[in-house]
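Worth knowing before you read on, the calculation uses all heavy atoms, side chains too, and leaves out hydrogens, waters and symmetry mates. Convention: sequence-line order gives letters A, B, ...; per-chain numbering from 1.
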Amino acid sequence: MKYIDEFRQRALAQKLAASIQEEADSNRQYNLMEFCGGHTHAIFRYGVQDLMPSNITFVHGPGCPVCVLPIGRIDNAIQLLEQHNVILCTYGDMLRVPASGRKSLLKAKANGADVRMVYSTQDALKIAHNNPDRQVVFFAIGFETTTPPTAVAIKQAHMQGLKNFSVFCNHVLTPAAIQSILDSPEVRDIKSVSIDGFFGPSHVSTIIGSRPYEFFAKTFQRPVVIAGFEPLDVMQSALMLIRQLNEGRYEVENEYTRVVTREGNLKAQLLVAEVFEVRRLFEWRGLGMVPNSALQIKPHFADFDAERRFKLPAIQASDIKGCECPSILRGVKKPTDCKLFGTVCTPENPMGSCMVSSEGSCAAYWSYGRFRQPDDKTKREGVAV
Amino acid sequence: MCLALPAKILSIDKITDMAIVAVGDVKKEISLALVEDASVNDFVLIHVGYALNKISQQEAERTLQIFAEAGLGGGGPV
Ligand code: SF4
């Protein structure tokens, strides 16, 4: 087994589609939000939406770490380069995200700043070892999936007594964000947008397990199905959500049992708890200030905290005028509702973060041509499954 | 960004806790710092250079079986 091809088989997709068609009640609407950009990507790439009856709508959520990072934090990263002359290491996706004043890390690099794209936190540590005379900062972003590798790097740097390595921490927490979406006025006001159920994050859940979602499945009375990232996983999870909604249940179910357990990866959780603590308040693009939704480095490891080492100020920066990323991230608008979509804003020349990241909704719409269909619904009704 | 891939462990360096894994035909060096007792031939989910978790073959087969049963009214095996 390769754990990939098996979960992309066409014949099985047809079967799942038939089941969904049969079980979805044609008298009701099912709005299912996928929190993760990985699901958004799978839905577009494999045309999963086309296999669904017209009363099932996928609402794309904020689950892309690149998309939800507020501009002020990227401005901070550029400050580190320009004012403190550090070597800034980061994952590739961050390079083209627009910052204030039409800047980006890529433009800073073109102007001579030392930005290095890394694949792993191990690479960032190596760069610090190889450049003892320079300060090396790892620009850390990501959800619970990407946090444990940062924790490992900080612990290693601590053990090795590295004096020139620190982390600019922007790690965020999934459950707090989902809760904030359900708390937002647009979602509470059923008329503008309603979300009936959630595809739970797959890789985030490999670390934190399925348990953290139980609280709000109950509190907000919405079903959650932890769903793998392959197209068949997404379809099976849609079926499981539809069944729960039909039966009036709101539980946490797990479709992705081959990697996710209820408890998650305890070793990784302990490492994270050793190095990080919850940040009281953190700004998310699209969701604003969300309480207890991010992590910061514990005082014990303060020497490795770039925010303290370089005394980074909080920057309030506003989004580029006309960019609808904030509403798109809350599932309130679609990329095609943005006036800049496909005209001023394209993947080659992105104006907002949702167009930069391949997991962003705008990039998915653009790459897979959804925008060419003037009316998705009429088109879909004609699709035979 | 959140992309993670299934990979097969080919060899393990116990001292550094690093492993060589195969993703299809591509070989990569990754860290095993986040997983407990992984061994050669195990499949792990890898992300930004780390194994996040082991993949359970038994569970994967069970999931595929559930897919195969779809379209039969959720009933018995095919
Ligand atoms: S199309 Fe571009 S400008 Fe419009 S919301 Fe998407 S990223 Fe922002």
Side-chain angles (χ1 to χ4, degrees), chain A residues 1-4 6-7 9 12-20 22-23 36-38 63-66 91 93 119-123 141-143 145-146 148-149 152 201-204 206-207 228-229 232-233 235-236 239 243 255-261 264-268 271 357-359, chain B residues 1-9 13 15-26 28-38 41-75 77-78:
Chain A
M1 194 176 303
K2 291 208 178 73
Y3 303 99
I4 296 179
E6 298 90 346
F7 295 89
Q9 298 172 57
L12 290 183
Q14 301 288 357
K15 278 186 165 190
L16 282 170
S19 287
I20 291 170
E22 194 182 298
E23 294 192 32
C36 273
C64 158
V66 179
Y91 297 131
D93 302 30
Y119 170 66
S120 162
T121 55
Q122 294 296 320
D123 299 342
I141 77 155
F143 291 102
T145 332
T146 326
V152 172
S202 33
H203 297 145
V204 161
T206 64
I207 304 293
F229 274 157
L232 295 185
D233 291 317
M235 294 181 74
Q236 171 67 19
L239 184 60
R243 281 185 187 150
E255 184 275 338
Y256 198 40
T257 51
R258 60 190 185 276
V259 206
V260 173
T261 58
N265 180 338
L266 291 175
K267 190 179 182 190
L271 266 163
S357 165
S358 61
E359 289 150 34
Chain B
M1 176 77 219
C2 286
L3 216 69
L5 293 169
K8 188 178 181 175
I9 300 182
D13 181 338
I15 296 163
T16 57
D17 220 5
M18 300 293 282
I20 303 291
V21 298
V23 186
D25 297 331
V26 182
K28 266 179 186 301
E29 191 183 25
I30 59 134
S31 164
L32 292 178
L34 302 176
V35 288
E36 219 105 49
D37 47 68
N41 289 331
D42 278 350
F43 269 85
V44 285
L45 192 69
I46 59 161
H47 173 64
V48 295
Y50 287 79
L52 293 182
N53 234 342
K54 289 203 277 186
I55 303 178
S56 154
Q57 178 168 355
Q58 208 184 340
E59 286 297 327
E61 277 163 5
R62 220 170 61 88
T63 304
L64 288 169
Q65 181 64 26
I66 293 171
F67 295 166
E69 286 163 14
L72 302 172
V78 190

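Atoms CZ and CG, from Phe229(A) and Leu5(B) in turn, are 11.0 Å apart once rounded to the nearest 0.5 Å. To the nearest 0.5 Å, atoms CG (Asn265(A)) and NZ (Lys54(B)) are separated by 11.0 Å. Atom CD1 of Ile66(B) sits about 7.0 Å away from atom OG1 of Thr257(A), to the nearest 0.5 Å.
Here the closest heavy-atom approach between residue Leu34(B) and residue Leu271(A) is recorded as CD2-CD1, 3.6 Å.
If you measure heavy-atom distances from Asp123(A) to chain B, you find no contacts under 4.5 Å at all. Using a 4.5 Å cut-off between heavy atoms, Gln58(B) does not touch chain A at all.
Note: Leu232(A) leads Leu266(A), Asp233(A), Leu232(A) in heavy-atom pairs under 4.5 Å with chain B. With chain A as the partner, the residue from Glu36(B), Met18(B), Arg62(B), Lys8(B) showing the most heavy-atom pairs under 4.5 Å is Glu36(B). Ranked by non-hydrogen atom pairs under 4.5 Å with chain B, the options Glu255(A), Gln122(A), Lys267(A) are led by Lys267(A).
Between Phe43(B) and Arg258(A) the shortest side-chain heavy-atom distance does not fall below 4.5 Å. Between Ile207(A) and Leu52(B), the closest side-chain pair of non-hydrogen atoms falls below 4.5 Å. Under the 4.5 Å side-chain criterion, counting only non-hydrogen atoms from C-beta, Tyr3(A) is in contact with Gln57(B). Inter-residue side-chain proximity for Phe7(A) and Leu64(B) is flagged as met; some heavy-atom pair is nearer than 4.5 Å.
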